[in-house]
Amino acid sequence: MNVLFLCTGNSCRSILGEATFNHLAPAGWKAMSAGSKPTGQVHPRSLALLAREGISIEGYVSKSWDNLPATPDIVITVCASAAGETCPAYLGPVLRTHWGVEDPAHATGTDEEIDAAFMTAYRILRARIEAFLALPLETLAQDKQKFKEELDRIGGLIPA
């Protein structure tokens, strides 16, 4: 099963989601990420955070959804639509869910405050990915509506 983490710039949140999912996923599950208007580079703070967390940063690049290496089965948008951000709509026969996360690339303040914004985005995504992977995936793969309901529920999880 292929999971696509999708946002606009593909420099922070979708990369954090892709790398974390691939770090935690069981065999047969693979994540990729893309943006509708990719920035062309992964944010250095995203890479530094992943490395600190012990997650491989090899091969992660900011890329367009026009150049996906595989067809996704599940698309998870991670844009913060509440912040007025326009979320791209993937138009394919896939299971779609929305896991809005504030974009740490727009964080301002001290280095510590900006790092904290990246850590918050990572913690939210990691908690949701762990909840996703704790689901009875084999069973849900046979019931797309129930799978979508579970993924939508997970999209509302905010770690303590």
Side-chain angles (χ1 to χ4, degrees), residues 1-26 29-70 72 74-90 94-135 148 150-160:
M1 292 284 274
N2 294 309
V3 178
L4 171 63
F5 286 88
L6 181 63
C7 67
T8 309
N10 190 221
S11 70
C12 295
R13 296 163 294 182
S14 52
I15 295 283
L16 293 172
E18 175 187 16
T20 303
F21 190 96
N22 285 333
H23 181 72
L24 299 172
W29 288 81
K30 177 88 173 125
M32 53 194 155
S33 70
S36 57
K37 295 180 181 136
T39 63
Q41 70 173 21
V42 177
H43 198 293
R45 288 182 194 258
S46 294
L47 295 174
L49 186 156
L50 290 167
R52 280 193 310 273
E53 293 294 316
I55 297 172
S56 172
I57 58 172
E58 283 301 309
Y60 290 108
V61 295
S62 176
K63 60 207 158 298
S64 171
W65 60 356
D66 295 328
N67 301 314
L68 297 175
I74 298 169
V75 174
I76 301 172
T77 51
V78 292
C79 309
S81 44
E85 191 176 352
T86 303
C87 220
Y90 185 88
V94 299
L95 193 157
R96 291 176 202 76
T97 192
H98 179 69
W99 291 0
V101 178
E102 292 299 321
D103 189 353
H106 299 304
T108 58
T110 65
D111 276 347
E112 292 78 21
E113 290 167 332
I114 295 169
D115 283 344
F118 276 82
M119 184 53 79
T120 296
Y122 168 75
R123 283 194 179 124
I124 290 168
L125 287 164
R126 181 159 183 138
R128 291 174 182 174
I129 289 164
E130 288 174 349
F132 176 126
L133 296 172
L135 293 171
K148 177 170 175 35
E150 287 296 322
L151 292 176
D152 289 349
R153 178 188 61 76
I154 288 169
L157 296 178
I158 305 289

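As a basis for the values below, the full set of heavy atoms in this structure was taken, side chains included, without hydrogen atoms, waters or symmetry mates. Along the sequence shown, the residues carry numbers beginning at 1.
- For the side-chain hydrogen bond (donor to acceptor under 3.5 Å, both in side chains) test, residues two or more places apart in sequence or in another chain that qualify with Asp66 are Ser64.
- Not one N or O on the side chain of Arg96 forms a donor-acceptor pair closer than 3.5 Å with the backbone of Val75.
- Taking each heavy atom of Ala105 and Cys12 in turn, the nearest pair found is CB-SG, 3.6 Å.
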Could you go through Arg45 and Met119, starting from their C-alpha distance and side-chain angles, then the distance that decides it, and tell me whether this counts as side-chain contact (heavy atoms from CB on, under 4.5 Å)? CA-CA 10 Å; Arg45 288 182 194 258; Met119 184 53 79; over 6 Å; no

Stepwise side-chain contact (heavy atoms from CB on, under 4.5 Å) check, Leu151 with Trp99: CA-CA 9 Å; Leu151 292 176; Trp99 291 0; 4.2 Å; yes

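- Considering every non-hydrogen atom in both Gly109 and Ile114, the closest pair reads O-CD1, 3.6 Å.
- In this structure, CG in Leu4 is found 5.5 Å from CE in Met32, a value given to the nearest 0.5 Å.
- Across all non-hydrogen atoms, the minimal contact from Thr97 to Asp152 is OG1-OD1, 2.6 Å.
- Annotation for Leu135 and Glu150: closest pair CD2-OE1, 3.5 Å, computed over non-hydrogen atoms.
- The OH atom of Tyr122 sits 3.5 Å away from the CD1 atom of Ile55 when rounded to the nearest 0.5 Å.
- A distance-only check finds no donor-acceptor pair linking the side chain of Trp29 to the backbone of Leu24 [under 3.5 Å].
- Arg13 contributes a side-chain N or O that, together with a main-chain N or O of Val101, makes up a donor-acceptor pair within less than 3.5 Å.
- Contact between Gly9 and Ser62 at its shortest, heavy atoms only, is O-OG, 3.2 Å.
- Note that OG1 of Thr120 and CG of Asp115 are 10.5 Å apart. Values are rounded to the nearest 0.5 Å.
- Nearest heavy-atom pair, Ser11 versus Thr39, reported as atom, atom and distance to 0.1 Å: CB-OG1, 3.4 Å.
- Here the straight-line distance linking atom CZ of Phe132 with atom CD1 of Ile74 works out to 4.0 Å at 0.5 Å rounding.
- Applying the side-chain hydrogen bond (donor to acceptor under 3.5 Å, both in side chains) test to Thr77 and every residue at least two apart in sequence or in another chain returns His98.
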If you look only at distance, which donor and acceptor atoms sit under 3.5 Å apart when one is on a side chain in residues 14-22 and the other is two or more places apart or in another chain?
from  : atom 1 : to    : atom 2 : distance (Å)
Ser14 : OG     : Asn10 : ND2    : 2.8
Glu18 : OE1    : Ser33 : OG     : 2.6
Thr20 : OG1    : Leu16 : O      : 2.7
Asn22 : OD1    : Ala31 : N      : 2.6
Asn22 : ND2    : Glu18 : O      : 3.3
Asn22 : ND2    : Ala31 : O      : 3.1

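- A distance of 5.0 Å separates CG of Leu49 from CZ of Arg52, quoted to the nearest 0.5 Å.
- Residue Leu125 holds its CG atom at 12.5 Å from CZ of Arg123, rounded to the nearest 0.5 Å.
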